Amino acid sequence: MHDIRVIRDNPEEFDRLVALRDLAPQSVMILELDSENRALITRKEALLSARNNLSAKVAEVKRSGGDSAEIIAEVQQMKIEIAKLEAVQSAVAADLHDVLSGIPNLPDTSVPYGKDENDNRLIRDWGTLRTFSTLPKQHFELGEALGMMNFQWATQLAGARFNTLFGDLARLERAIGNFMVDLHIAKHGLTEVALPVLVNSTTMYNTGQLPKFSEDLYQVSDDYWLIPTAEVPLTNFGADRIFSSKELPIRLTAWTQCFRREAGAAGRDMRGMLRQHQFSKVEMVTIASPENSMDELERMTDCAENILKALEIPYRVMLLCSNDMGPGAVKTYDIEAWLPGQDTYREISSCSNCGAYQARRMAGRMKTDQGNVAIHTLNGSGMAVGRTLVAVMENHQQDDGSIAVPERLRPYMAGQECIG
RNA sequence: GGAUGGGUGGCUGAGUGGUUGAAAGCACCGGUCUUGAAAACCGGCAAGGGUGAAAGUUCUUCGUGGGUUCAAAUCCCACCCCAUCCGCCA
């Protein structure tokens with residue numbers, strides 16, 4: 001949701017930034033709607049004001065025992081006109097709102113222009129890629145050979161894009177999630193939150209999932225939606241609230257199940273557990289004041305990286321180009337873990353500064369000396385638990401098909417050092 | 001699911017058709033007093049929008065959406081949510 005005042009103040013700049021998202025200039029059309037809307041508001045309110053005055057006069061006349069029939073007749077006439085104007089004005093306002101909330105967020109100056117993921121920029125990498133004496137296996141090969149990963153049964157239970165884990169692998173996934181949350185609490189100062197995974201339409205709208213991306217979501221009865229990420233409920237902590245600057249930043253984390261229809265991903269990543277309809281993820285959300293949000297993005301990315309460092313998984317950090325970013329983002333870092341079984345890096349975390357985009361949708365504000373301003377919201381995975389399990393398995397696999405448990409996870413596995 | 005009672009400003013809470021955008025208290029901010037603090041006293045304090053250089057002025061908002069009326073926090077309808085009891089249940 002864009003701030004119309006920003007567009008009024010500098011329409012050329014708005015069009016220049018919109019172009020980075022490969023959109024045609026919008027400002028002329030928007031400003032036309034805007035001035036039409038304001039003209040209608042002015043006319044409507046003049047009538048409303050006159051009506052209020054006449055109504056007050058009725059009260060006055062009646063108190064002094066006079067006859068108010070004439071005034072009443074006049075106001076009755078007026079009401080017809082007001083209703084007409086109101087209908088026209090609210091339609092124009094709705095159009096304007098739709099346009100402003102439909103345009104994606106504008107990239108930060110540090111974000112490179114680009115068409116797709118091929119234009120993303122490598123920022124840094126970490127860790128050395130292991131050399132294997134034999135060809136490294138993919139996680140599903142390892143898991144199925146261990147008898148601890150059963151996709152066939154998951155298909156029988158639910159369908160494609162689900163999985164089941166058994167024994168030590170099930171426990172390892174749980175260990176990974178617990179480790180992540182504990183690290184965020186103890187070392188990063190985040191506050192853990194337990195959340196609903198079903199939310200209402202307003203909550204989904206606030207973070208930008210609705211109305212445009214409903215095909216990516218599971219909707220259940222009674223107007224509930226399954227969350228595709230804990231970003232949705234966590235970010236809504238700022239909905240309809242006015243924070244004092246002292247309260248910010250607020251840094252939250254939650255480990256939840258996530259549900260995605262993967263509607264546009266037919267045929268992609270069908271083997272294994274990289275892309276599923278249900279997966280668990282530890283999410284980080286920060287509610288920040290505008291002047292701090294870019295620093296908070298660096299901090300959040302660092303929190304995510306610390307997880308992979310602790311688990312001894314090589315990774316690289318990519319700065320997404322303008323058209324690879326999600327619609328809400330001002331700036332996004334993707335963290336990609338090395339998967340030796342696939343011989344490639346795969347996204348395991350995505351940290352975004354959404355600026356005021358979501359905050360304006362949900363009316364999240366902060367008090368300042370110059371009045372209330374929209375807060376900034378940030379979200380990042382810290383990390384996707386299922387994909388981290390995949391990365392642990394592939395990076396710590398041994399020649400015999402067993403998996404070495406990274407040292408930091410052993411306390412969560414009753415000291416166990418090896419699976420299989 | 002059934003019954004009852006409720007949803008008013010950051011919070012508590014008055015308010016059943018017209019000087020109520022809303023009493024009072026708390027919180028918060030500024031001031032007086034004080035060596036400093038507290039207390040006391042004085043003053044300020046909702047949000048969003050239109051207009052305006054500004055001061056100001058004006059509109060909207062008392063769970064949400066409709067309706068009645070010249071006029072609605074107040075009356076009517078629907079829905080949502082909360083509390084308590086009953087039923088059911090992890």
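Not measured: the values here are computed from a predicted model.
For the atom pair A:L378 CG and A:R251 CZ, the distance stands at 10.0 Å (nearest 0.5 Å).
The partner of B:rA39 is absent, by the rule that a Watson-Crick or G-U pair needs both atom distances under 3.5 Å. Base pairing of B:rU34: no nucleotide in any strand meets the Watson-Crick or G-U wobble criterion (both distances under 3.5 Å). Remark: B:rC62 base-pairs with no nucleotide in the shown strands. Criterion, Watson-Crick or G-U wobble with two distances under 3.5 Å. Pair assignment for B:rG56: B:rU51, on the basis of Watson-Crick or G-U wobble contacts that are both within less than 3.5 Å. B:rA3 is paired with B:rU84 under the criterion used here, namely a Watson-Crick or G-U wobble arrangement in which both key atom distances are under 3.5 Å. In this structure B:rC28 sits in a base pair with B:rG44, meeting the Watson-Crick or G-U test at under 3.5 Å.
Under 4.0 angstrom from either OP1 or OP2 of B:rU58 there lies no side-chain N or O belonging to A:N52. Within the 4.0 Å cut-off from OP1 or OP2 of B:rG50, not a single side-chain nitrogen or oxygen of A:R43 is found. Side-chain N/O atoms of A:T42 include none lying less than 4.0 angstrom from OP1 or OP2 on B:rG50.
The CG atom of A:N372 sits 14 Å away from the C1' atom of B:rG9 (whole-angstrom rounding). Between A:M1 atom CE and B:rG49 atom C1' the separation is 13 Å, expressed in whole Å. Counting to the nearest Å, the C1' atom of B:rU58 and the CG atom of A:L40 are 17 Å from each other. Distance CG (A:L198) to P (B:rC81): 13 Å, rounded to an integer number of Å. We find that CZ of A:R241 is positioned 16 Å from C1' of B:rA47, with the value rounded to whole Å. Atoms CG (A:L33) and P (B:rG49) sit 18 Å apart, rounded to a whole Å. Here the C1' atom of nucleotide B:rU19 and the CD atom of A:E60 are 9 Å apart, to the nearest Å. Between the CD1 atom of A:I41 and the C1' atom of B:rU60 there is a distance of 10 Å, rounded to whole Å.
Figure legend: A:R261 and A:F259 shown without cation-pi pairing, the cationic atom not lying both under 6.0 angstrom from the six-membered ring centre and within 45 degrees of its axis. With A:Y205 as the aromatic partner, A:R361 meets the cation-pi criteria of under 6.0 angstrom to the ring centre and within 45 degrees of the ring axis.
Ion pair A:D216/A:R260 not flagged as a salt bridge, since none of the NZ, NE, NH1 or NH2 atoms sits closer than 4.0 Å to an Asp/Glu carboxylate oxygen. A salt bridge is absent between A:R161 and A:E262: the closest approach of a Lys/Arg side-chain nitrogen to an acidic carboxylate oxygen does not fall below 4.0 angstrom.
Taking atom C1' on both B:rG63 and B:rG5, the two are 16 Å apart, rounded to the nearest angstrom. Taking atom C1' on both nucleotides, B:rC28 is separated from B:rU35 by 27 Å, rounded to a whole Å. Between the C1' atoms of B:rU32 and B:rA38, the separation comes to 15 Å (whole Å). A distance of about 16 Å separates the P atoms of B:rG15 and B:rU20, rounded to the whole Å. The same atom, P, is picked in B:rG48 and in B:rG36; the two are 38 Å apart, to the nearest Å. Rounded to the nearest Å, the gap between the P atom of B:rG13 and that of B:rU8 is 9 Å. Using atom C1' as the reference point in both B:rU12 and B:rG6, the two lie 15 Å apart (nearest Å). Taking atom P in both B:rG2 and B:rC79, one finds a spacing of 11 Å when rounded to whole Å.
You'll find the side chain of A:L106 stays beyond 4.5 Å of the side chain of A:V330, heavy atoms only.
Under the 3.5 Å distance criterion, with hydrogens and angles disregarded, a donor-acceptor pair is assigned to the side chains of A:D223 and A:S201. Side-chain contact check for A:T229 and A:K281: at least one donor-acceptor pair (N or O, by modelled atom type) lies under 3.5 Å. Using a 3.5 Å distance cut-off with no hydrogens or angles, the side chains of A:D22 and A:Y113 do pair a donor with an acceptor.
Comparing A:K44 and A:A39, the nucleotide of RNA chain B nearest to each residue sits closer to the 5' end for A:A39.
Across all strands shown, A:R8 has heavy atoms under 4.0 Å from sugar-phosphate atoms exclusively, and none from any base. Heavy atoms of A:R5 sit under 4.0 angstrom from primed sugar atoms or phosphate atoms, though from no base atom. Note on A:K246: nothing from the nucleic acid sits closer than 4.0 angstrom, heavy atoms only.
Side-chain atoms of A:E45 come within donor-acceptor range of the base of B:rG49, with a qualifying N/O pair under 3.5 Å.
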Assign a letter to each nucleotide of nucleotides 67-73 of chain B from its 5' end: B, base within under 4.0 Å of a protein heavy atom; S, sugar-phosphate only; -, no contact.
-> ---BS--

